[in-house]
**Student:** 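Could you have a look at this structure, given as structure tokens, before my questions?
The structure displayed is predicted, hence computed values, not measured ones. Along the sequence shown, residues carry numbers from 1.
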Amino acid sequence: MLKENAVKLVEGVYGWHSDDIDGNAALATYKLDKDNTVGAYYAWIRNDELSSVGIAYPGAIPKELNLQNPGVHANGEIRGFTYAAEVDLQFGDLARAYRSDVDYEGYGLFAKVGYKLHPIVNLRGSFAYGSGDDNPNDDRNEEFQVIMGLDTIGPFSRFIHYTQIYERTIRTAVANPINASQGQTLSAGNTRNTNIANTTYYNLGIDVMPTRNLILSVDGYVIQASEEWTDGEGNTIDDDVGTEVDLRGSYKIAKNLTYFVEAGFFSPGDYYDSSLVNTTGVGAKTVTQIIHGLSFTF
């Protein structure tokens, strides 16, 4: 099966196209059998020239972004074990006025397995690695870039891909991201909701379904920076990001309506000892968070 798609990843100032980030992707999948599928994709992430946008950093005005993202993936079930795996490559450049271009060479890895221990108990494990950049001040960026958009920069982001707190509430291990902030695409963007940019995580989880409408889940994470990096004063930022335990319960009220409660506990590592990265007040304190709401699907 072959699919093609185009999406606007970032909408900057309405009516301007020069500050947007667009994605074009092609996806091909092939079913090996009824339970197992392999596939490949290619994504082109780009924007138009940005020098017409009024940016407060004239020495680093970005002009044009081009990122190429090919990848392969597989998922399925073998002898009761479910699995999924993905490898993503990334290369390209960001052209800048008055400064040399930035070249990008990043990659990401993901794998997960699951096993149904009992009809109501499922065990899971996963691993992810997003490459990092050890020197944010040069013209070569090896950090895996994830373009998340403007609606993901705060703690109330809708998007959660793994952890509840680390991914969306506090500063991540990202060192040199490209993203959008207030309609401006800079080579130093969001520091929240950066997915697995410069992040390695190890995860174990369990799901229990005591009744047909109730699902309870517990997940534990060990999180590290994929690369230690240095700040503007030459200080090395430690790669020990921390650990997190997440709890989730969901109850299906009706066919398309579910009530959920999520609670998270994040214990910070030495990464947050640096004042440069401790921008969300983490310090040595355990971060706690609880969210509840209704999910309606149609």
Side-chain angles (χ1 to χ4, degrees), residues 1 3 5 7-9 11 25 27 29 34-37 39 73-77 80-86 110-128 146-170 172 190 192-196 199 201-223 243-267 286-298:
M1 180 174 63
K3 290 184 177 180
N5 195 17
V7 61
K8 186 169 292 296
L9 299 172
E11 173 66 69
L27 171 68
T29 58
K34 67 180 182 67
D35 295 322
N36 298 279
T37 302
H73 55 90
N75 66 277
E77 181 177 347
F81 287 88
T82 59
Y83 71 91
E86 185 172 341
F110 171 75
K112 70 176 180 179
V113 294
Y115 184 73
K116 186 163 284 191
L117 197 63
H118 184 276
I120 67 169
V121 179
N122 183 53
L123 299 179
R124 297 177 283 103
S126 64
F127 161 81
V146 182
I147 310 297
M148 300 290 288
L150 289 175
D151 55 356
T152 65
I153 62 176
F156 300 108
S157 161
R158 299 188 304 272
F159 303 104
I160 308 174
H161 298 92
Y162 51 105
T163 60
Q164 296 179 27
I165 295 177
Y166 168 75
E167 189 182 358
R168 73 177 183 182
T169 305
I170 59 178
T172 68
N190 297 351
R192 287 174 172 167
N193 285 278
T194 57
N195 200 264
I196 60 168
T199 296
Y201 76 74
Y202 306 87
N203 158 249
L204 289 176
I206 182 171
D207 306 309
V208 180
M209 192 174 180
T211 72
R212 61 181 299 179
N213 294 324
L214 177 64
I215 301 176
L216 304 174
S217 300
V218 180
D219 280 275
Y221 295 87
V222 175
I223 308 169
T243 58
E244 181 166 334
V245 176
D246 292 337
L247 311 174
R248 178 182 171 90
S250 62
Y251 183 78
K252 182 178 288 188
I253 300 172
K255 181 179 179 181
N256 299 325
L257 184 64
T258 300
Y259 174 72
F260 66 88
V261 178
E262 299 173 351
F265 306 85
F266 177 82
S267 178
T286 297
V287 181
T288 58
Q289 176 175 286
I290 184 167
I291 297 172
H292 71 118
L294 291 171
S295 175
F296 179 70
T297 59
F298 56 92

**Student:** Start with the C-alpha distance between Lys116 and Thr82, add both sets of side-chain angles, then the distance that settles side chain to side chain contact (heavy atoms under 4.5 Å, CB included), and finish with yes or no.
**Tutor:** CA-CA 9 Å; Lys116 186 163 284 191; Thr82 59; over 6 Å; no
**Student:** Take Glu167 and His161 through the side chain to side chain contact (heavy atoms under 4.5 Å, CB included) test and state the conclusion after the steps.
**Tutor:** CA-CA 8 Å; Glu167 189 182 358; His161 298 92; 2.8 Å; yes
**Student:** Is the backbone N or O of Ile206 less than 3.5 Å from a side-chain atom of Asn122, with the two atoms forming a donor-acceptor pair by type?
**Tutor:**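 Here the side-chain-to-backbone pair does not exist.
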**Student:** Counting only heavy atoms not in Tyr251, do more than 12 sit closer than 6.0 Å to its OH atom?
**Tutor:**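 No.
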**Student:** Verify, without hydrogens or angle tests, whether Gln164 (side chain) and Ile290 (backbone) share a donor-acceptor contact under 3.5 angstrom.
**Tutor:**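 It does not hold such a pair.
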**Student:** With heavy-atom distances below 4.5 Å as the criterion, would you say the side chains of Arg124 and Asn203 are in contact?
**Tutor:**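 Arg124 vs Asn203: side chains touch.
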**Student:** So, the side chain of Glu244 versus the backbone of Ile165: is there a donor-acceptor pair under 3.5 Å, distance only?
**Tutor:**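 Here the side-chain-to-backbone pair exists.
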**Student:** The test is side chain to side chain contact (heavy atoms under 4.5 Å, CB included); show your working for Val146 and Thr194 and say whether it passes.
**Tutor:** CA-CA 6 Å; Val146 182; Thr194 57; 5.9 Å; no
**Student:** Regarding Asp207 and Ser217, do their side chains bring together a donor and an acceptor under 3.5 Å, going by distance alone?
**Tutor:**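 The criterion, which ignores hydrogens and geometry beyond distance, is satisfied for Ser217 and Asp207.
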**Student:** State whether a side-chain donor-acceptor pair under 3.5 Å links Thr199 with Tyr166.
**Tutor:**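 Distance-only check passes for Thr199 and Tyr166.
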**Student:** Under the rule for side-chain contact (heavy atoms from CB on, under 4.5 Å), what residues qualify as partners of Lys252, not counting sequence neighbours?
**Tutor:**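 Applying side-chain contact (heavy atoms from CB on, under 4.5 Å) to Lys252 gives Asn213, Thr258.
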**Student:** Is there a side chain to side chain contact (heavy atoms under 4.5 Å, CB included) between Tyr201 and Phe110 once you walk through the steps?
**Tutor:** CA-CA 10 Å; Tyr201 76 74; Phe110 171 75; 3.6 Å; yes
**Student:** Compare every heavy atom of Ala128 with every heavy atom of Ile196, then report the nearest pair and how far apart it is.
**Tutor:**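 Heavy-atom minimum between the residues: CG2-CB, 4.1 Å.
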**Student:** Looking at CD1 of Ile223 and CZ of Phe266, how far apart are the two atoms once the value is rounded to the nearest 0.5 Å?
**Tutor:**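 Output value for this atom pair is 5.5 Å.
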**Student:** List the atom of Thr211, the atom of Met209, and the distance in Å for their closest heavy-atom pair.
**Tutor:**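 Scanning both residues, the minimum pair turns out to be O-CG, 3.1 Å.
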**Student:** I'd like to know if the side chain of Asn75 reaches the main chain of Ala85, judged simply by a donor and an acceptor atom lying under 3.5 Å from each other, with no hydrogens or angles considered.
**Tutor:**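 It does not hold such a pair.
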**Student:** Set out, in order, the CA-CA distance, both residues' side-chain angles and the distance that settles side chain to side chain donor-acceptor pair (under 3.5 Å) for Tyr162 and Asp246, then state yes or no.
**Tutor:** CA-CA 10 Å; Tyr162 51 105; Asp246 292 337; over 6 Å; no
**Student:** Any chance you could measure Tyr83, atom OH, to Lys112, atom NZ, to the nearest 0.5 Å?
**Tutor:**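 Tyr83 OH to Lys112 NZ: 12.5 Å, rounded to 0.5 Å.
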**Student:** Taking all non-hydrogen atoms of both residues, which atom of Leu216 and which atom of Pro210 are closest, and how far apart?
**Tutor:**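 The answer is CD1-CG, 4.5 Å.
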**Student:** Answer yes when Arg248 and Asp219 have at least one side-chain N-carboxylate O distance shorter than 4.0 Å, and no when they do not.
**Tutor:**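 No, Arg248 and Asp219 are not salt-bridged.
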**Student:** Roughly how far apart are Asn256 CG and Ser295 OG, rounded to 0.5 Å?
**Tutor:**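 These two atoms lie 9.5 Å from each other.
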